[in-house]
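Below: one structure, written as structure tokens.
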Amino acid sequence: MTQIAFDPLDPAQREDPFPVLELARREQPVFHAPQFDLWVVTRHDDVLAVLKDHGSFSSAGALKSSPEPFPPEVKEALAEGWPTMPYIIEVDPPLHDRIRGLVTKAFTPRRIAELEPRVQAIAEELVAGFERDGRIDAIERFAWPLPLRVLGELLGVPREDLPRLHEWGLDWLLLQQPGPVERRVEHARGLVRMQRYFVEALEEREQRPTDDLMGALMAARSEADEPLTIPEVAGLPLDLMVAGHVTVTRAIGSALWTLFRLPELREQLLDAEAAPAAIEELLRLESPAQGLFRRTTREVEVGGVTLPAGARVMVHFGSANRDACTFHDPDAFEPGRDDLSRHVAFGKGIHFCIGAPLARLELGLALPLLLRRLPGLRPAPDAVPEREDVFFARGFRRLEVEWDV
Ligand code: HEM
């Protein structure tokens, strides 16, 4: 049997994970990666089957790429906060329905539409801050701060608090992957600080209601028959804050990198009619969330392989999005493709991305703005882009660009 040398943290695979995944789809579409104790599901049909069967594939630990339980030191640090705080992305029904109900009520299409002028203004302000410099790290100066500030305004977080929320958000993600215990204890402490921050912010809103999304979540909570406790609600702004900015950061970085490779993309992004499909195609090809995790609740078959109860599964969105059985010429950038709507970059089923409309809005405003305001935008010739090292993510940590001033 072909051994699939899957290692998302290996530098070569961080750069280009797709050949290994293509081999897997052909030879062993559901394979076991022993070093991570993960069953990786790579074909589009099988990925959909897993996402739809949330009874057999639980989302508990959906972000956890490390196979071992947390070490005692990490558990101790987490016990200082709320170790069972539910995060929407990691809970199953019926609790998932209750939390998702709250966010659907509060995070309405109208609220997103109202954000549009703010997204535009924040993006313009950021560009005005570096436009004359001729060179920046696009991640640090634009791709991080834009979605972070948008999320801050949406939730009602003061701007000066954003840098620490950004750091704590990274702590939450890094806590989930293998690493030295001392470092993981630090990440656990960061997560606890973030939990406290949101519990306190919601408690304040209980006393003094606000118009922001956290205020709307508290209002929706008070209307429920069986209201969630404040720490139960606090997992939601925490999750939105993290899921809502790191993903868009990655999408912006990957879009720029693709743009440097494919000059025709520039024209497409600048054409209001063509841009939405170009952005969707970028998301399909790059899949900022390459995959997330599930745990089997019973013995279950997927893609002809029987998984035991309790098996850890990685649902590989990035691989599904390049499956030749679903997408014609899957590695080609073709925004006109008629199979584009089948991409799973935002997932599928009950955990489908809540922020997809906001992500599309941000990318649709940010990318053309960069192209218009930074003529001749290109990679800085003497700089080496650095990929991010989060197990399930695809994006850049550093991407230096320059333009004509
Ligand atoms: C390009 C940007 C984005 C990508 C690629 C992306 C991707 C995803 C994916 C693949 C899932 C499904 C997770 C699963 O099945 O386990 C998801 C869920 C989620 N996303 Fe996004 N996302 C993006 C932007 C956003 C934004 C802007 C927000 C918030 C404003 C957000 C909030 C969430 C939340 C809260 C969930 C969990 C939903 C649930 O479990 O019911 N995402 N996202």
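None of the values given here were measured: they were computed from a predicted structure. As the structure lists them, so they are numbered: ligands from 1, and atoms in each ligand from 1. Residue numbers start at 1 and run along the sequence shown.
Between Glu22 and Arg26 there is a salt bridge, since at least one side-chain N of the basic residue sits less than 4.0 Å from a carboxylate O of the acidic one. Salt bridge Asp329/Arg337: absent, no basic N to carboxylate O contact under 4.0 Å. Comment: Arg398 engages Asp137 in a salt bridge, judged by a side-chain N to carboxylate O separation of less than 4.0 angstrom. Between Arg189 and Glu186 a salt bridge is recorded (basic side-chain N to carboxylate O distance below 4.0 Å). Taking the charged nitrogens against the carboxylate oxygens, Glu125 and Arg149 do have a contact shorter than 4.0 Å, which makes a salt bridge. With respect to Asp133 and Arg141, a salt bridge is recorded, a charged nitrogen being found less than 4.0 Å from a carboxylate O.
Of the candidates Cys353, Gly244, Ala289, it is Cys353 that places a heavy atom closest to atom 43 (N) of ligand 1.
Going from atom CG of Leu146 over to atom CG of Leu369 covers 9.0 Å, rounded to the nearest 0.5 Å.
Ligand 1 does not have Lys348 within reach: every non-hydrogen atom of the residue lies 4.0 Å or more from it. Taking 4.0 Å as the cut-off, Arg294 counts as a neighbour of ligand 1 on heavy-atom distance. At a 4.0 Å cut-off, not a single heavy atom of Ser59 sits close enough to ligand 1 to count as contact. For Ile350, the closest heavy-atom approach to ligand 1 falls below 4.0 Å.
Those atoms of ligand 1 that come under 4.0 Å of a heavy atom in Ala359, given as number and element, are 1 (C), 2 (C), 24 (C). For ligand 1, the atoms closer than 4.0 angstrom to any heavy atom of Ala345 are 5 (C), 7 (C), 10 (C). Every atom of ligand 1 with a heavy atom of Leu358 under 4.0 Å away is listed here by number and element: 30 (C). Atom numbering of ligand 1 starts at 1 in the shown order; those under 4.0 Å from a heavy atom of Arg100 are 38 (C), 39 (C), 41 (O). Every atom of ligand 1 is numbered from 1 in the order shown, and the set under 4.0 Å from a heavy atom of Leu283 is 1 (C).
Note on ring orientation: taking the six-membered ring where Trp is involved, the planes of Phe392 and Phe293 are perpendicular (angle over 60°, cut-offs 30° and 60°). Ring orientation note: the planes of Trp39 and His32 are tilted relative to one another, at an angle of 30° to 60°.
Using a distance-only test at 3.5 Å, with no hydrogens or angles considered, no donor-acceptor pair links the side chain of Thr42 to the main chain of Ser319.
Protein heavy atom closest to atom 40 (O) of ligand 1, with residue, atom name and distance, is His351 ND1, 2.6 Å. Of the protein's non-hydrogen atoms, the one nearest atom 33 (C) of ligand 1 is Ala243 CB, 3.7 Å. Looking at atom 13 (C) of ligand 1, its nearest protein heavy atom turns out to be Leu292 CD1, 3.5 Å. Among protein heavy atoms, the minimum distance from atom 11 (C) of ligand 1 is reached at Phe346 O, 3.8 Å. Considering only non-hydrogen protein atoms, atom 23 (C) of ligand 1 sits nearest to Thr247 OG1, 3.3 Å.
Ring centers of His96 and His351: under 6.0 Å apart, within the cut-off.
In terms of polar-atom proximity, defined here as any N/O pair under 3.5 Å, Leu51 makes no such contact with ligand 1. When only interatomic distances are considered, the shortest N/O to N/O separation between His96 and ligand 1 falls below 3.5 Å.
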